[in-house]
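Values reported hereafter were calculated over all heavy atoms of this structure, with side chains retained and with hydrogens, waters and symmetry mates removed. Start at 1 and go down the list; that is how both ligands and their atoms are numbered. As the structure is a prediction and not an experimental result, all values here were calculated from the model. Each residue takes its place number in the sequence, starting with 1.
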Amino acid sequence: MKIIAYGIRNDEMPYLKQWDQENPDVEVKSESALLDDKTVDEAKGFDGVVAYQQKPYTASILDKLGRFGIKALSLRNVGVDNVDADAVKRNNIKVTNVPAYSPNAIAELAVTEMMRLLRNTKKFERKQREGDLRWAPDVGEEMGHKTVGIFGTGHIGRVVLNICRGFGANVIGYDPYPNPQLQKEGIYVKTPKELYEKSDIITLHAPALKSNEHMVSDKAFSEMKDGAYLINAARGSLVDTDALIKALDSGKLAGAALDTYEDEVGVFNKNFGSFDAISDDRLKNLMKRDNVLVTPHIAFYTKTAVHNMVKFSMDANKSLIQTGNSDKLVKF
Ligand code: NAD
Ligand code: COI
């Protein structure tokens, strides 16, 4: 059995080597390049493909995998919004992802950013670099007195909920598919509008779907409390960036933390050499602000998560090849 793994970074290599040693019946080839129209030809002759990327798994890539007779594609990430679903079905390709590779990784960053926003740490760090060690006027706020609204109470949202509860926050949630235990606890509001109206901090943990593109829009911001905070460690497409900038300019929003951004592909995880050289003006507008925290899609990036992404995806690919099935199968 032969598996090719694309987009393998240096930090993933030890875990891939470990998996390779533990699975002597599988021939593993690692490829540092991402899976795209140029590199897809390398998959010819392999039984399965493992890949990770934010850029699209397009119809032309998937059609080629289909022509090579490859029916097993395993993604090393949770989100599958970048996969052409029609092409997957047309080519009878089975796709797995790695749900819950480490919900704590993402949840802990989301909460870190909430705390940083509440305590103005970005501004204090800037002032410090300018030699200004005064307190005023940047008095902070306490999580224990806030209502945190969790948009999407799946694996990650639930960890955020528990951490915030640990700080003494009041926690509410919105999810079209409520979690039975949380429902018993009465945490759910009925609509996104109700979540926006009642929350001091809104944190997004829903998948990107066609139906929720730009759901955090001018209208959504107008429904939020004055001085609310927005955290997006889910997907950039959920937030209308122009509307976000307006809400920050008007002061409606007290601050935002973005680990994902709608135009992040080709920008995040790239070294531009200097701030000025960053190619996206809207992003720079946001990054310059004391009350906006931008992290380049690093929420997942912990040792535990990286190890699990490699192990779970390789296990899933092997299972797809051997049995045509996996407990991590994605339904398109
Ligand atoms: P999950 O599937 O366990 O949970 C998602 C939850 O969102 C589910 O409970 C679902 O019912 C709910 N949901 C679906 N549509 C919704 C909507 N329109 N409004 C509100 N809730 C809705 O997924 P998860 O593991 O918790 O991950 C959530 C998302 O986080 C992923 O889809 C991915 O986009 C993102 N993510 C980001 C990073 C990162 O590094 N920043 C890493 C992993 C995942
Ligand atoms: C995911 O797993 O869905 C992520 O957002 C992280 C991944 C792009 C590395």
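Defined by atom type and a distance below 3.5 Å, a donor-acceptor pair is missing between the side-chain atoms of E12 and H307. A donor-acceptor contact closer than 3.5 angstrom is absent between the side chains of S217 and D240.
Residues L118 and I201 form a side-chain contact, since some pair of their non-hydrogen atoms from C-beta on lies under 4.5 Å apart. Between E113 and T295 the shortest side-chain heavy-atom distance falls below 4.5 Å. Side chains of M114 and Y229 form no contact here, defined as non-hydrogen atoms less than 4.5 Å apart.
Judged by the 6.0 Å and 45° rule, K89 forms no cation-pi pair with F332. Both the sub-6.0 Å distance and the 45° axial angle are not jointly satisfied by R235 relative to the ring of Y261. Note that K252 lies outside the cation-pi zone of F221, set by a 6.0 Å cut-off to the ring centre and a 45° limit from the axis.
Taking atom 19 (N) of ligand 1 as the reference point, the nearest protein heavy-atom neighbour is F151 CE2, 2.9 Å. Closest protein heavy atom to atom 3 (O) of ligand 1: H155 ND1, 2.7 Å. Ranking protein heavy atoms by distance to atom 31 (C) of ligand 1, first place goes to V78 CG1, 4.0 Å. The nearest heavy-atom contact from the protein to atom 36 (N) of ligand 1 is R235 NH1, 3.8 Å. Looking from atom 32 (O) of ligand 1 to the surrounding protein, the closest heavy atom is P207 CA, 3.3 Å. Of the protein's non-hydrogen atoms, the one nearest atom 18 (N) of ligand 1 is N212 ND2, 3.8 Å. Taking atom 12 (C) of ligand 1 as the reference point, the nearest protein heavy-atom neighbour is D175 OD2, 3.2 Å. In this structure, the protein non-hydrogen atom closest to atom 4 (O) of ligand 1 is G154 CA, 3.2 Å.
For atom 40 (O) of ligand 1, the nearest protein heavy atom lies closer than 4.0 Å.
Which parts of ligand 2 touch G79 is read off a 4.0 Å heavy-atom cut-off, strictly below it: atoms 1 (C), 3 (O). Below 4.0 Å from some heavy atom of V78 lie the following atoms of ligand 2, by number and element: 1 (C), 2 (O), 3 (O). For ligand 1 and D259, the ligand atoms under 4.0 Å from any heavy atom of the residue are 39 (C), 40 (O), 41 (N). Taking a cut-off of under 4.0 Å to the non-hydrogen atoms of N77, the atoms of ligand 2 that pass are 1 (C), 2 (O), 3 (O), 7 (C). Residue Y52 approaches ligand 2 through these ligand atoms, each under 4.0 Å from one of its heavy atoms: 7 (C), 8 (C), 9 (C). Those atoms of ligand 1 with a heavy atom of Y177 less than 4.0 angstrom away are 11 (O). Per-residue contacts place F300 under 4.0 angstrom from the following atoms of ligand 2 (heavy atoms of the residue considered): 6 (C), 9 (C). Which parts of ligand 2 touch R235 is read off a 4.0 Å heavy-atom cut-off, strictly below it: atoms 1 (C), 3 (O), 4 (C), 5 (O).
At least one donor-acceptor pair under 3.5 Å links the side chain of N91 to the backbone N or O of A87. Judged by distance alone, with hydrogens and angles left aside, the side-chain atoms of R76 form a donor-acceptor pair with the main-chain N or O of Y6 at under 3.5 Å. With hydrogens and angles disregarded, a donor-acceptor distance shorter than 3.5 Å links the side chain of K122 to the backbone of V292. For the pair E194 (side chain) and K190 (backbone), a donor-acceptor distance under 3.5 Å is present.
Residue T260 places no N or O, backbone or side chain, under 3.5 Å from any N or O of ligand 1. Residue F300 has at least one N or O atom closer than 3.5 Å to an N or O atom of ligand 1. At under 3.5 Å, not a single nitrogen or oxygen of D81, backbone or side chain, sits near a nitrogen or oxygen of ligand 1. In terms of N/O distances under 3.5 Å, ligand 1 is not approached by Y101.
At a heavy-atom distance under 4.0 Å, only backbone atoms of H205 (N, CA, C or O) approach ligand 1. Residue contacts with ligand 2 for H297 involve side-chain atoms from C-beta outward but no N, CA, C or O (heavy atoms, distance under 4.0 Å). Within the 4.0 Å heavy-atom criterion, neither part of Q53 lies near ligand 2. In I156, the parts holding a heavy atom less than 4.0 Å from any atom of ligand 1 are both the side chain and the backbone.
Evaluated by nearest non-hydrogen atom to atom 29 (C) of ligand 1, the leading choice among A206, S211, G79 is A206. Nearest residue to atom 22 (C) of ligand 1 from P176, A208, S237 is P176 (criterion: closest heavy atom). For atom 38 (C) of ligand 1, the nearest non-hydrogen atom from the set N179, L204, I106 belongs to I106.
Proximity of A234 to ligand 1 is established by a heavy-atom distance of less than 4.0 Å. Under a 4.0 angstrom heavy-atom cut-off, Y101 registers as being in contact with ligand 2. Distances from ligand 1 to the non-hydrogen atoms of A100 include no value under 4.0 Å. Heavy atoms of M309 come nearer than 4.0 angstrom to ligand 2 in at least one pair. Remark: distances from the non-hydrogen atoms of A233 to ligand 1 include one below 4.0 Å.
Considering every non-hydrogen atom in both A110 and T203, the closest pair reads CB-OG1, 4.2 Å.
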Checklist entry - When you look at T153 and D175, which way does the side chain to side chain donor-acceptor pair (under 3.5 Å) test go after all the steps? => result CA-CA 6 Å; T153 54; D175 196 309; 3.2 Å; yes
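K127 has a carboxylate O that lies under 4.0 Å from a charged side-chain N of D138, or vice versa, which qualifies the two as a salt bridge. Ion pair R282/D280 not flagged as a salt bridge, since none of the NZ, NE, NH1 or NH2 atoms sits closer than 4.0 Å to an Asp/Glu carboxylate oxygen.
Summarising the geometry, atom CG belonging to N170 is positioned 12.0 Å from atom CE belonging to M143; distances are rounded to the nearest 0.5 Å. The OG1 atom of T302 lies 9.0 Å from the CE atom of M309; values are rounded to the nearest 0.5 Å. The structure places CE of M215 at 9.5 Å from CG of L209, a figure rounded to the nearest 0.5 Å.
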